[in-house]
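Contents: one structure, followed by commentary.
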Amino acid sequence: AWADVSTGEFCASQCMSALNLKTELFRLNPSEILVVGEDEKIEDFKNVFPETSRIAKVDAKDSIPLDKEVDSAFSLLEKSSAEMILGYVSSNIQAKPSLSPLQKIQDSHFMVIDATTRAALDIPQLFKTLDKTVTNMGSRKFASYINSPLKQVEKIDKRLEIVDFFVRNISTAEKVRKLMRDCSDM
């Protein structure tokens with residue numbers, strides 16, 4: 001499970017192998033990774049974690065239960081991970097963020113880009129070239145779009161409609177950009 005406290009995104013998915021976990025962590029590029037377990041076990045997984053991420057050890061007893069209406073489509077592991085995130089956020093973040101209801105993310109929703117392909121595409125340079133956002137939150141959201149290309153035509157079309165609206169309404173786009181510049185980051 002993962003949460004982006006700046007955007008309110010709160011999601012869960014299953015990783016079936018260390019390779020899948022590594023790919024998912026590089027896609028998400030988290031600033032912190034919460035880990036339950038003994039220090040020796042954590043050391044075993046250090047090669048899977050992105051170098052840019054801080055590892056925070058958490059205790060399962062600090063979890064905060066999810067709302068009762070959370071869908072049965074979530075596995076016990078996904079629910080437990082999400083509950084640990086809620087506990088961590090509650091005790092470690094001063095300004096309590098508003099997280100969206102937990103969303104189930106399927107691999108089939110996004111194109112999976114492995115580390116070799118990422119390097120060949122030079123995604124960091126692509127992002128740097130294309131990023132014209134005016135807030136850190138927007139920059140992180142845009143990075144998630146670059147790192148997780150959609151595969152669902154309906155969702156791609158929805159994003160394109162939004163882009164088309166702002167391209168056709170330049171004055172509205174400029175007003176929104178001006179308002180966004182004044183937004184503080186989480």
Side-chain angles (χ1 to χ4, degrees), residues 1-35 42-56 73-75 77-78 81-82 85 97 99-100 102-170 172-174 176-177 180-181 183 185-186:
W2 68 93
D4 182 335
V5 296
S6 69
T7 63
E9 191 174 29
F10 188 35
C11 304
S13 69
Q14 294 251 351
C15 289
M16 300 308 217
S17 70
L19 179 60
N20 286 1
L21 176 61
K22 187 171 188 166
T23 300
E24 188 71 357
L25 287 172
F26 278 93
R27 179 182 77 79
L28 294 169
N29 192 24
S31 58
E32 291 181 291
I33 298 173
L34 308 182
V35 180
I42 293 170
E43 283 300 317
D44 291 342
F45 278 93
K46 287 260 179 153
N47 68 326
V48 174
F49 302 140
E51 295 172 9
T52 56
S53 300
R54 183 178 82 78
I55 297 171
F74 294 99
S75 71
L77 184 58
E78 289 169 324
S81 298
I85 289 172
L99 297 176
S100 68
L102 187 63
Q103 298 174 4
K104 177 95 170 170
I105 301 296
Q106 304 285 345
D107 284 346
S108 61
H109 294 175
F110 303 99
M111 190 180 307
V112 176
I113 304 174
D114 63 36
T116 305
T117 305
R118 281 182 193 287
L121 292 172
D122 196 6
I123 288 184
Q125 184 58 45
L126 174 66
F127 172 74
K128 192 174 172 183
T129 302
L130 296 176
D131 185 18
K132 304 297 182 215
T133 59
V134 295
T135 66
N136 290 333
M137 291 179 287
S139 185
R140 285 191 296 273
K141 190 62 163 174
F142 184 62
S144 77
Y145 289 170
I146 295 287
N147 286 315
S148 308
L150 290 171
K151 289 176 24 179
Q152 297 173 304
V153 174
E154 316 81 55
K155 289 187 177 187
I156 293 169
D157 286 342
K158 183 67 175 166
R159 282 189 191 168
L160 290 174
E161 285 174 22
I162 294 168
V163 170
D164 184 58
F165 172 82
F166 285 111
V167 166
R168 292 178 186 273
N169 298 281
I170 298 295
T172 302
E174 286 305 316
V176 169
R177 287 176 66 82
M180 294 304 293
R181 278 188 189 96
C183 291
D185 195 19
M186 290 291 299

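- A distance-only check finds a donor-acceptor pair linking the side chain of Ser148 to the backbone of Ser144 [under 3.5 Å].
- Rounded to the nearest 0.5 Å, atoms CZ (Arg140) and CG (Asp131) are 11.5 Å apart.
- Partners of Arg181 by salt bridge (Lys or Arg N to Asp or Glu O under 4.0 Å), not counting sequence neighbours: none found.
- For Glu174, the salt bridge (Lys or Arg N to Asp or Glu O under 4.0 Å) test picks out no residue, with sequence neighbours left out.
- Closest non-hydrogen pair, Ile146 versus Leu130, comes out as CD1-CD1, 4.2 Å.
- Heavy atoms only, all atoms of each residue included: Ser6 and Met137 are closest at O-SD, 3.3 Å.
- Rounding to the nearest 0.5 Å gives a distance of 5.5 Å between CZ of Phe10 and CD1 of Ile85.
- When all heavy atoms of Phe127 and Ser139 are compared, the pair lying nearest together is CZ-OG, 3.3 Å.
- Looking at every heavy atom in both residues, Thr129 comes nearest to Lys132 through O-NZ, 3.3 Å.
- The number of heavy atoms from other shown groups lying within 6.0 Å of NZ (Lys151) is above 12.
- Asp157 contributes atom CG, which lies 11.5 Å from atom CD1 of Ile162 (distance to the nearest 0.5 angstrom).
- For the atom pair Lys155 NZ and Leu150 CG, the distance stands at 7.0 Å (nearest 0.5 Å).
- For the atom pair CE of Met180 and OG1 of Thr133, the computed distance is 9.5 Å after rounding to the nearest 0.5 Å.
- Between atom SG of residue Cys183 and atom CG of residue Asn136 there is a gap of 11.5 Å, rounded to the nearest 0.5 Å.
- Residues forming a salt bridge (Lys or Arg N to Asp or Glu O under 4.0 Å) with Lys104 (at least two apart in sequence, or on another chain): Glu78.
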Exercise for the section: Given side chain to side chain contact (heavy atoms under 4.5 Å, CB included), test Lys158 with Glu161 step by step and report yes or no. Expected result: CA-CA 5 Å; Lys158 183 67 175 166; Glu161 285 174 22; 4.2 Å; yes
Exercise for the section: Dump the intermediate steps for side chain to side chain contact (heavy atoms under 4.5 Å, CB included) on Val163 and Arg159, then the final yes or no. Expected result: CA-CA 6 Å; Val163 170; Arg159 282 189 191 168; 5.6 Å; no
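- Shown here for Ile105 and Cys11, the closest heavy-atom pair between the two residues is CG1-CB, 3.6 Å.
- Nearest heavy-atom pair, Ala82 versus Leu102, reported as atom, atom and distance to 0.1 Å: CB-CD2, 3.8 Å.
- A side-chain donor-acceptor contact under 3.5 Å links Asn147 and Arg118.
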